[in-house]
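Below is one structure; the comments refer to it alone.
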Amino acid sequence: MLAKRIIPCLDIKDGQTVKGTNFVNLRQAGDPVELGKAYSEQGADELVYLDITASHEGRKTFTDLVKRIAAHINIPFTVGGGINELKDVDRLLNAGADKVSINSAAIRNPMLVDEIAKHFGSQVCVVAIDARQTATGWKCYLNGGRVETERYLYEWAKEVNDRGAGEILFTSMDHDGVKTGYANEALAHLSETLDIPVIASGGAGKMEHFRDAFTLGKADAALAASVFHFGEIPIMKLKEYLHEEGISVRL
């Protein structure tokens with residue numbers, strides 16, 4: 001059985017790590033390189049860095065940051081934000097990233113998933129999906145949760161699976177930052193219907209929430225931000241707890 005992964009997520013704005021609730025009310029959480037290095041030493045399996053206000057001007061800054069991160073940490077890391085074409089992927093992989101995460105760009109141009117998988121391999125392509133439950137089902141959102149689309153979570157996840165994505169990173173916008181647990185029912189549905197790993201995101205507040213994401217939600221990895229950034233849950237303690245609960249983790 002593959003070990004379940006614990007993944008701290010660092011949202012980057014103007015070169016600093018920030019964290020919000022339901023995608024708003026951002027507060028600073030520290031230097032992204034120092035935080036990443038600390039997480040690497042504390043036993044995190046991977047890291048995700050998201051440039052949450054990625055704009056054309058911000059690309060160079062973020063690329064330089066990725067180079068600094070790569071020089072200081074020794075675990076795989078994924079970067080996302082402002083990736084719209086193959087040359088963006090090439091630039092970030094050359095800077096030292098292991099994988100890229102695409103979200104809005106994939107919905108606008110689904111062929112981008114095929115192209116990344118074909119040029120760089122499926123393992124490089126993480127498709128992030130921000131979704132919220134509506135009266136008609138789980139709807140996907142663009143631009144950091146600002147714009148509702150006509151796409152639904154389950155059919156969109158299946159499509160990117162078939163197009164060659166290596167992983168799905170599913171964030172429940174309703175659960176983001178509120179620390180009441182992950183969207184386990186939706187996670188379980190994704191895990192059961194897709195051939196690729198599913199990363200749970202949005203809702204971690206205590207150790208039991210991680211356990212539930214792995215047992216009830218059947219997720220392959222669990223991503224969290226504030227509980228790690230603000231020292232509420234030490235990564236090694238979390239892994240020891242999960243191990244005691246019978247969940248396979250790398251200790």
Side-chain angles (χ1 to χ4, degrees), residues 5 7 9-15 32-33 36 45-131 140-147 149-153 155-171 190 194-199 201 220-221 223:
R5 290 169 288 148
I7 307 177
C9 179
L10 296 90
D11 289 342
I12 309 299
K13 182 176 189 282
D14 305 327
V33 179
D45 296 296
E46 295 180 24
L47 298 171
V48 170
Y49 284 90
L50 298 176
D51 185 351
I52 59 169
T53 50
S55 62
H56 193 62
E57 306 78 54
R59 285 184 179 178
K60 190 175 179 326
T61 320
F62 193 55
T63 308
D64 290 342
L65 177 62
V66 170
K67 285 179 182 163
R68 285 180 29 232
I69 294 161
H72 287 89
I73 72 166
N74 55 9
I75 55 174
F77 70 99
T78 300
V79 294
I83 297 168
N84 297 302
E85 52 190 345
L86 287 181
K87 69 177 186 191
D88 296 329
V89 180
D90 197 44
R91 178 171 47 80
L92 293 164
L93 294 178
N94 280 328
D98 297 277
K99 309 178 203 178
V100 296
S101 168
I102 54 172
N103 187 334
S104 304
I107 289 183
R108 291 196 184 99
N109 171 23
M111 276 301 292
L112 184 59
V113 179
D114 307 64
E115 288 168 5
I116 295 172
K118 189 170 127 217
H119 282 83
F120 303 104
S122 287
Q123 78 286 349
V124 160
C125 185
V126 178
V127 175
I129 303 176
D130 297 331
C140 300
Y141 282 71
L142 294 177
N143 296 14
R146 294 180 191 90
V147 181
T149 72
E150 289 309 304
R151 302 305 301 252
Y152 286 92
L153 170 64
E155 53 92 7
W156 174 234
K158 183 76 178 82
E159 180 177 328
V160 298
N161 176 115
D162 297 344
R163 285 180 178 275
E167 287 183 291
I168 297 284
L169 167 53
F170 160 53
T171 302
L190 290 169
L194 304 178
D195 311 316
I196 55 176
V198 176
I199 304 168
S201 166
D220 299 275
L223 177 143

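Not measured: the values here are computed from a predicted model. Counting begins at 1 with the first residue of the sequence. All values below come from the heavy atoms of this structure, side chains included, with hydrogens, waters and symmetry mates left out.
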Under 4.5 Å between any side-chain heavy atoms of [X] and [Y], yes or no?
X	Y	result
V79	D51	no
L50	I12	no
V66	Y49	no
S101	V48	no

Quick one: side chain to side chain donor-acceptor pair (under 3.5 Å) partners of [X], sequence neighbours excluded?
X	result
D45	K239, R250
N109	none
D14	none

Self-check item: Residues that D90 engages under salt bridge (charged side-chain N to carboxylate O under 4.0 Å, His left out), provided they are two or more places apart
Solution: none
Practice problem: Applying salt bridge (charged side-chain N to carboxylate O under 4.0 Å, His left out), name anything that partners D88, two or more places apart in sequence or on another chain. | Solution: R59, R91
Might you point out which heavy atoms bring [X] and [Y] nearest each other, and give the distance in Å?
X	Y	answer
A106	V113	CB-CG2, 4.0 Å
H72	R68	ND1-O, 2.8 Å
S104	L142	CA-CD2, 3.5 Å
A221	I7	CB-CD1, 3.8 Å
I75	D98	O-OD2, 4.1 Å
A70	A95	CB-O, 3.7 Å

Practice problem: Could you tell me whether the side chain of S122 and the main chain of G164 form a donor-acceptor pair under 3.5 Å? | Solution: yes
Quiz item: Counting only N and O atoms by type, is there a donor-acceptor contact under 3.5 Å from the side chain of N161 to the main-chain atoms of D195?
Solution: yes
Return the [atom1] to [atom2] distance between [X] and [Y], rounded to the nearest 0.5 Å.
X	Y	atom1	atom2	result
L92	F120	CG	CZ	10.0 Å
I107	I129	CD1	CD1	7.0 Å
I102	E85	CD1	CD	12.5 Å
E167	E46	CD	CD	6.0 Å
F170	D130	CZ	CG	9.5 Å
L47	K99	CG	NZ	11.0 Å

Quiz item: Among pairs that include at least one residue of residues 105-129, which meet salt bridge (Lys or Arg N to Asp or Glu O under 4.0 Å), considering only residues two or more places apart or in two chains?
Solution: D114-R163
Quiz prompt | Option from T78, L169, T171, I168 for which side chain to side chain contact (heavy atoms under 4.5 Å, CB included) with I199 holds | solution = L169
Self-check item: Pair D162-K158, salt bridge (charged side-chain N to carboxylate O under 4.0 Å, His left out): steps then yes or no
Solution: CA-CA 6 Å; D162 297 344; K158 183 76 178 82; 2.9 Å; yes
